[in-house]
Amino acid sequence: MKELKMDCEVSSFIDFSKYEGKDITLTGSIQNLRVLGWGGFIILRSNSYMVQCVAAKESVNIENLSVESVIKIVGLLKTATIKDKSIIPNNYEIELKSIEVLSTPSIDVLPVDTTKRELNVALDTKFDLRPLTLRHPKQRAIFKIQSTIFNAFGNYLTNIGFNRICSPKIVFSGAEGGANIFQLDYFKRKAFLTQSPQFYKQMMVGVFGRVFEESPVFRAEKHDTSRHLNEYISLDLEMMLSNGFEDLIVTEANVLAYIFDNIRETCKYEIELLEINVPIINKIVTMKFNEVHETVFQNYKKDFRGEKDLAPEEEQLICDYVKKTYDTEFVFVTHYPMEKRPFYTMEDKNDLGYSLSFDLLFRGLEITTGGQRLNKYEDYIDRMGKLNMNIDSFDSFLQTFKYGMPPHGGLGLGLERLTAQICGLSNVKEASLFPRDINRLTP
RNA sequence: GACCAUGUAGCGCAGUUGGUUAGCGCGUCGGCCUGUCAAGCCGAAGGUCGCGGGUUCGAGCCCCGUCAUGGUCGCCA
């Protein structure tokens, strides 16, 4: 039997200021190496840090070290002024006393150079070599921000009474119409990978009133664009509505505002490194679907009127318009035509043919779809009948409404899309650690 | 699936109207450098020009096919 101490260095966050003038021991990878006549510098990548170490010839020898070798160092922590924005912290450095090499790369030459300010490689190469390319400071910064979004979404909703749920990803039937769905063999029965936690969110509103989930969803669509993935992380929420479907819009605006504040607070280095502007939401602008068509026609002379959906170009134009006119980067587009929305969507009784649903456009891209759902059993039976759907196969879902359900609605926010738009990435795949698209299944 | 573009050294690229031995930057290797921070300076190695066929005295360059990648669109978050 051996008892370990719970309170030790692995259980704490390194506060460099506490080590000033003292020795510090760190284990990390060599991010970069500069050998000079008198010794040189090592940039050590360690947890969330990228620390500069100074190697004087008389103390340590760094001539035989190489980038991506893992070393354990002991040195004296001193204040410093460091210009390189990828080095965190930039006000301390370590004067090395000893270096122990723990491992070295097993190949002589790394396939790409991760030591430069920009990771200058083609997308395909970047993804093929993901275990290495993600080590570049700018790549790390993207996913530090993504991690912050993920946590902030959950924290904000938890604070206002939402309950986190984890719904199954292997399902009996698909939730959405239209989109293709991945099929798999489930003990000799047909099963699917979920396209959306939609049905489970709704079931759980009957239990908790407010729920959220952050999990992967799978789309077997053969799309091949810079804004689609076949597997992505969906930030979902579903809630009872006390004032109608606009509750959803207000909730989303607030959760986004919280996320952006969180990023500004905890990702200062990353924001500076990526040279990005984290957006501000201090007002909520909504436009009806038809109003968007009309506005784009009036202001840009592009006629999409009569189209049942927004074209990518139109999304960009309306975002441009809203920015100029209302000084905001966000526009909630409401009242999409019923025929473009799934069967569980609530129709606006005052605007027949149009739904109580919305998309959120941010910097020219759709990042959310949401809306109020049907909540009465009879309405489901009626709607599904009109759409010639097989009611029996939705039996377990329809229980929810049989047993009574309040007015409710929800939304789904694409994590990679939001990350990409915040970080100014032109391809959403860059906001996925290991993107899955029509051609890519590895790494 | 449609349309457009690209494929040249480990990586990112240039390569003129078809013409001797295919270039540049980074990385790698050797050397120099007492504070670098995209370090700098000197030197060296490294390429069947995606693949197959064709035109031509001659093809990285022109033509046909094929594969791969990127962009736009369809669909969507």
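Throughout, protein chains are lettered first and strands after them, A, B, ... in sequence-line order, and every chain is numbered starting at 1.
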Between C63(B) and U20(B), how far apart are the two C1' atoms, rounded to whole Å? 26 Å
Identify whether any heavy atom of E416(A) sits under 4.0 Å from a base atom; if not, whether one sits that close to sugar-phosphate; answer base, sugar-phosphate or nothing. nothing
side-chain N/O N427(A) vs G71(B) OP1/OP2, d < 4.0 Å: yes
For G12(B), does OP1 or OP2 lie under 4.0 Å from any side-chain N or O of T125(A)? yes
Please determine, for G58(B), whether a Watson-Crick or G-U wobble partner exists with both distances under 3.5 Å, and give it or none. none
Answer yes or no: does a side-chain N or O of R34(A) lie under 4.0 Å from OP1 or OP2 of C33(B)? no
Base, sugar-phosphate or nothing for I367(A)? Non-hydrogen atoms, less than 4.0 Å. sugar-phosphate
On RNA chain B, compare the nucleotides closest to E315(A) and G37(A); which residue's is nearer the 5' end? G37(A)
So which nucleotide does C3(B) pair with, by the Watson-Crick or G-U wobble rule with both distances under 3.5 Å? G71(B)
A38(B) pairs with, by Watson-Crick or G-U criteria that keep both distances under 3.5 Å: none
D108(A) near the nucleic acid: base, sugar-phosphate alone, or nothing, with a heavy-atom cut-off under 4.0 Å? nothing
For the side chain of H228(A) and the base of C75(B), is some donor closer than 3.5 Å to an acceptor across the two? yes
Is there side-chain contact between D359(A) and Y336(A), with at least one heavy-atom pair below 4.5 Å? yes
Under 4.0 Å, heavy atoms only, any strand: does T225(A) hit a base, just the sugar-phosphate, or nothing? base
With both distances under 3.5 Å as the test, what is the Watson-Crick or G-U wobble partner of C29(B)? G43(B)
Name every donor-acceptor pair, under 3.5 Å, that has one atom in a side chain of residues 273-290 of chain A and the other anywhere in the protein, sequence neighbours excluded.
from: K283(A); atom 1: NZ; to: Y326(A); atom 2: O; distance (Å): 2.6
from: K288(A); atom 1: NZ; to: D351(A); atom 2: OD2; distance (Å): 3.2
from: N290(A); atom 1: ND2; to: Y354(A); atom 2: OH; distance (Å): 2.9

Between G71(B) and C61(B), how far apart are the two P atoms, rounded to whole Å? 26 Å
Can a salt bridge be assigned to the pair E238(A) and R373(A) using a cut-off of 4.0 Å between side-chain N and carboxylate O? yes
Both distances below 3.5 Å, Watson-Crick or wobble geometry, any strand: find the nucleotide opposite G65(B). C51(B)
Of the options G74(B), C76(B), U36(B), whose atoms approach the side-chain atoms of Q52(A) most closely? U36(B)
Test for a donor-acceptor pair under 3.5 Å between the base of C76(B) and the side chain of R417(A), counting only N and O atoms. yes
Among C73(B), G35(B), A77(B), the one nearest E93(A) by side-chain distance: G35(B)
Complementary nucleotide for G23(B) - Watson-Crick or wobble, under 3.5 Å: C13(B)
Is the distance from OP1 or OP2 of G27(B) to the nearest side-chain N or O of K116(A) less than 4.0 Å? yes
If we take the P atom in both C24(B) and G43(B), what is their distance in whole Å? 12 Å
Show me the donor-acceptor pairs within less than 3.5 Å that the side chains of residues 129-136 of chain A make with the rest of the protein, sequence neighbours left out.
from: R130(A); atom 1: NE; to: L433(A); atom 2: O; distance (Å): 2.6
from: R130(A); atom 1: NH1; to: Q139(A); atom 2: OE1; distance (Å): 2.9
from: R130(A); atom 1: NH2; to: S432(A); atom 2: O; distance (Å): 2.8
from: T133(A); atom 1: OG1; to: K126(A); atom 2: O; distance (Å): 2.8
from: T133(A); atom 1: OG1; to: L129(A); atom 2: O; distance (Å): 3.2
from: R135(A); atom 1: NE; to: P131(A); atom 2: O; distance (Å): 3.1
from: R135(A); atom 1: NH1; to: E68(A); atom 2: OE1; distance (Å): 2.7
from: H136(A); atom 1: ND1; to: K138(A); atom 2: N; distance (Å): 3.1
from: H136(A); atom 1: NE2; to: K116(A); atom 2: O; distance (Å): 2.6
from: H136(A); atom 1: NE2; to: R117(A); atom 2: O; distance (Å): 3.4

